[in-house]
A.B. asks: 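I am attaching a structure below and will ask some questions about it afterwards.
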Amino acid sequence: MAKSVMVAYVLWAVGGPLGLHHLYLGRDSHALLWMLTLGGFGFGWFREVMRIPAYVGEANQDAGKERRRPPSVGPARFAGQVCVGIYFGTVALIGLNSLRFFYLIVLPLCVGAGVHLVSSVGQQTSDLQKTLATCLITSPIFYGSTFSPLPISLAASVTAAQHRRFKPPQTPGTTQELGPRLYKLGLAWLAFSAPLGYCIFHNTTATLYYLSDCVAALLDIFWFLPWLRSVLEYILLMPYRILCVITGGGYYEEAWRKVLEVLLKEYTEKEKEALQVLSLDVEASPEVITRTYRELAKRWHPDHNPSKDAEAMFVKISDAYEVLLQHHRPRRFK
């Protein structure tokens, strides 16, 4: 059945960042790429407003005509290969870096998969085996480096560009049904997102503390303008207030209140125990915490206190201070 330009534009407008128009046109590689990058990080989706008629023409062209000349690599596709290769490598660094042989096997394979996905968009493709082999050869040179996805992706993109070819033409009646295509795309999307989602969920506390540090640092910049600081704090908490209004409170409000406690630098149970060790209340300032720690550390130092419990108490005081120091990290200790 011939594809319609109007339908393609409607799907582009409604679900373009998710690749709905590419699903409609049978461009599954392009659709998967858009699902994983939200429309080429937004830029590719806007760029397609002028290219949809060409995509529809490719989908409707005669499938029996085979091309012999190798396709050329445009700068946009090459840049996309490099960027998506780095993107896949960065996601691997976040979600899979605890695996054995990560830098030797896992990382290069992830980068190569990203490069090959971009090289397979449309009617073109490249040699997957040679692309992955290049990644595996390049990876040991930059072993352990956080920036290794960049040179690996560049090498893989050059290899993919040198081994480009057109995809074999489809004969009429060989197009798969939508159900199996969605099943395969769903598995690919799950394989990409599951490790990242697990890592974010597993490190929720660390992620929230990182966000809280950023929020606290931002608000502390405006310490000399209390009214502006209050306005910014109100704006930052607006999503929480809206959620409470929508849900009407209850369980969701309680759950978000716990998140809010972290974001607002409220003390956790471990930090409250640290306050008890130093005999401080929750209103203690960083300066008071530091002064109290020094006094207690001097009193319980094993060189000055002959008690049997002195060393254990000194260690306990030091650990408590480190916990509170981490809590007040965005602020300056004297």
A.B. asks: Is there a side-chain contact between Ser153 and Val115 in this structure, where contact means two heavy atoms from C-beta onward sitting under 4.5 Å apart?
C.D. replies: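 They are in side-chain contact.
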A.B. asks: Is there a path of hydrophobic side-chain contacts, each under 4.5 Å between heavy atoms, that joins Leu182 and Leu11?
C.D. replies: yes
A.B. asks: Rounded to the nearest 0.5 Å, what's the gap from CG on Leu33 to CZ on Arg27? Could you check?
C.D. replies: 10.5 Å
A.B. asks: Report the residue from His301, Arg299, Lys298 that forms a side chain to side chain contact (heavy atoms under 4.5 Å, CB included) with Phe314.
C.D. replies: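 Single pass found, and it is His301.
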A.B. asks: How long is the span from the CZ atom in Arg291 to the CD1 atom in Ile289, to the nearest 0.5 Å?
C.D. replies: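 Spacing of CZ (Arg291) from CD1 (Ile289) equals 10.5 Å.
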A.B. asks: Looking only at heavy atoms, which two atoms of Leu280 and Thr292 are closest? And how far apart?
C.D. replies: CD2-OG1, 3.5 Å
A.B. asks: Can any side-chain N or O of Trp45 pair as donor or acceptor with the backbone N or O of Ala13 at less than 3.5 Å?
C.D. replies: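 Absent.
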A.B. asks: Does Asn60 offer a backbone N or O that forms a donor-acceptor pair with the side chain of Lys3 under 3.5 Å?
C.D. replies: no
A.B. asks: Find out if a path of hydrophobic residues (ILVMFWY) with successive side-chain heavy-atom gaps under 4.5 Å connects Val106 to Phe101.
C.D. replies: yes
A.B. asks: Measure the spacing between CE of Met313 and CG of Leu296 and express it to the nearest 0.5 Å.
C.D. replies: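 The distance works out to 7.0 Å.
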A.B. asks: How close do Gly89 and Val111 get, heavy atom to heavy atom, and via which atoms?
C.D. replies: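 So the two residues come closest at CA-CG2, 3.7 Å.
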A.B. asks: Test of understanding: clusters of I, L, V, M, F, W, Y form through side-chain heavy atoms closer than 4.5 Å, transitively. Do Leu99 and Leu132 belong to the same one?
C.D. replies: yes
A.B. asks: Do Leu324 and Val277 share a hydrophobic cluster, counting only Ile, Leu, Val, Met, Phe, Trp and Tyr and linking them when any side-chain heavy atoms are less than 4.5 Å apart?
C.D. replies: yes
A.B. asks: Which heavy atom of Val91 sits nearest a heavy atom of Phe192, and at what distance?
C.D. replies: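 Heavy atoms of Val91 and Phe192 come nearest at CG2-CZ, 3.7 Å.
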A.B. asks: Side chain to side chain contact (heavy atoms under 4.5 Å, CB included) for Lys316 and Glu273? Distances and angles first, verdict last.
C.D. replies: CA-CA 11 Å; Lys316 191 174 182 180; Glu273 293 177 0; over 6 Å; no
A.B. asks: Identify the two heavy atoms, one from Phe88 and one from Leu117, that lie closest to each other, and give their separation to 0.1 Å.
C.D. replies: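 What the structure gives for the nearest pair is CZ-CD2, 4.0 Å.
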A.B. asks: Drop me the distance from Leu18's CG to Trp189's CH2, to the nearest 0.5 angstrom.
C.D. replies: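 If I round to the nearest 0.5 Å, the distance is 10.5 Å.
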A.B. asks: Is it the case that more than 12 heavy atoms not belonging to Phe41 sit under 6.0 Å from its CZ atom?
C.D. replies: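 More than 12 within 6.0 Å, yes.
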A.B. asks: Taking all non-hydrogen atoms of both residues, which atom of Tyr9 and which atom of Pro53 are closest, and how far apart?
C.D. replies: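 Smallest interatomic distance, heavy atoms only, reads OH-CD, 3.4 Å.
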A.B. asks: Using a 6.0 Å cut-off, check whether atom CD of Glu311 has over 12 heavy atoms from anything other than its own residue.
C.D. replies: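 Count not over threshold, so no.
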A.B. asks: Could you check if a side-chain atom of Tyr87 sits within less than 4.5 angstrom of a side-chain atom of Pro149, using non-hydrogen atoms only?
C.D. replies: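 They are not in contact (no side-chain heavy atoms under 4.5 Å apart), so the answer is no.
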A.B. asks: I'd like to check the side-chain contact (heavy atoms from CB on, under 4.5 Å) partners of Ser139; sequence neighbours left out, ordered by chain and number.
C.D. replies: Pro108, Ile152
A.B. asks: Please test Thr125 against Ser120 for side chain to side chain donor-acceptor pair (under 3.5 Å), starting from the C-alpha separation and ending with a verdict.
C.D. replies: CA-CA 4 Å; Thr125 186; Ser120 299; 3.3 Å; yes
A.B. asks: Using only atom types and a distance under 3.5 Å, with no angle test, would you say the side chain of His304 pairs donor to acceptor with the backbone of Trp300?
C.D. replies: no
A.B. asks: Measuring from atom SG of Cys135 to atom CD1 of Ile105, what distance do you get when rounded to the nearest 0.5 angstrom?
C.D. replies: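 With rounding to 0.5 Å, SG (Cys135) is 13.0 Å from CD1 (Ile105).
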A.B. asks: Which value, rounded to the nearest 0.5 Å, describes the distance between Tyr143 atom OH and Leu107 atom CG?
C.D. replies: 11.0 Å
A.B. asks: Report yes if the side chains of Pro151 and Ile141 come closer than 4.5 Å at any heavy-atom pair, otherwise no.
C.D. replies: no
A.B. asks: Working note: Arg165 + Gln124, criterion side chain to side chain donor-acceptor pair (under 3.5 Å); need CA distance, chi angles, decisive distance, verdict.
C.D. replies: CA-CA 6 Å; Arg165 64 176 185 271; Gln124 304 178 19; over 6 Å; no
A.B. asks: Can you get from Ile137 to Val82 by hopping between Ile, Leu, Val, Met, Phe, Trp and Tyr side chains that sit under 4.5 Å apart?
C.D. replies: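 No; tracing contacts between hydrophobic side chains, which count when under 4.5 Å, never links both residues.
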A.B. asks: Would you say the side chains of Glu48 and His22 form a donor-acceptor pair under 3.5 Å?
C.D. replies: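 Result is yes, a qualifying pair exists.
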A.B. asks: Of all the heavy-atom pairs spanning Val84 and Gly114, show the shortest one and how long it is.
C.D. replies: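 So the two residues come closest at CG1-O, 3.6 Å.
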A.B. asks: Are Tyr55 and His21 close enough that their ring centres sit under 6.0 Å apart?
C.D. replies: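 Ring centres of His21 and Tyr55 not closer than 6.0 Å.
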A.B. asks: Hey, is the main chain of Ala155 close enough, under 3.5 Å, to the side chain of Thr159 for a donor-acceptor pair?
C.D. replies: yes
A.B. asks: Can you find a heavy atom in the side chain of Leu36 that is under 4.5 Å from one in the side chain of Leu32?
C.D. replies: yes
A.B. asks: Could you tell me whether the side chain of Thr131 reaches within less than 4.5 Å of the side chain of Ser126, counting heavy atoms only?
C.D. replies: yes
A.B. asks: In terms of heavy-atom contacts, does CD of Gln129 have more than 12 from other residues, nucleotides or ligands at under 6.0 Å?
C.D. replies: no
A.B. asks: I'd like to check Leu185 versus Leu23 (side-chain heavy atoms, cut-off strictly below 4.5 Å). Are they in contact?
C.D. replies: yes
A.B. asks: Decide if the gap between the ring center of Tyr103 and the ring center of Phe142 is smaller than 6.0 angstrom.
C.D. replies: no
A.B. asks: Would you say Asp281's side chain and Ala284's backbone share a donor-acceptor pair under 3.5 angstrom?
C.D. replies: yes
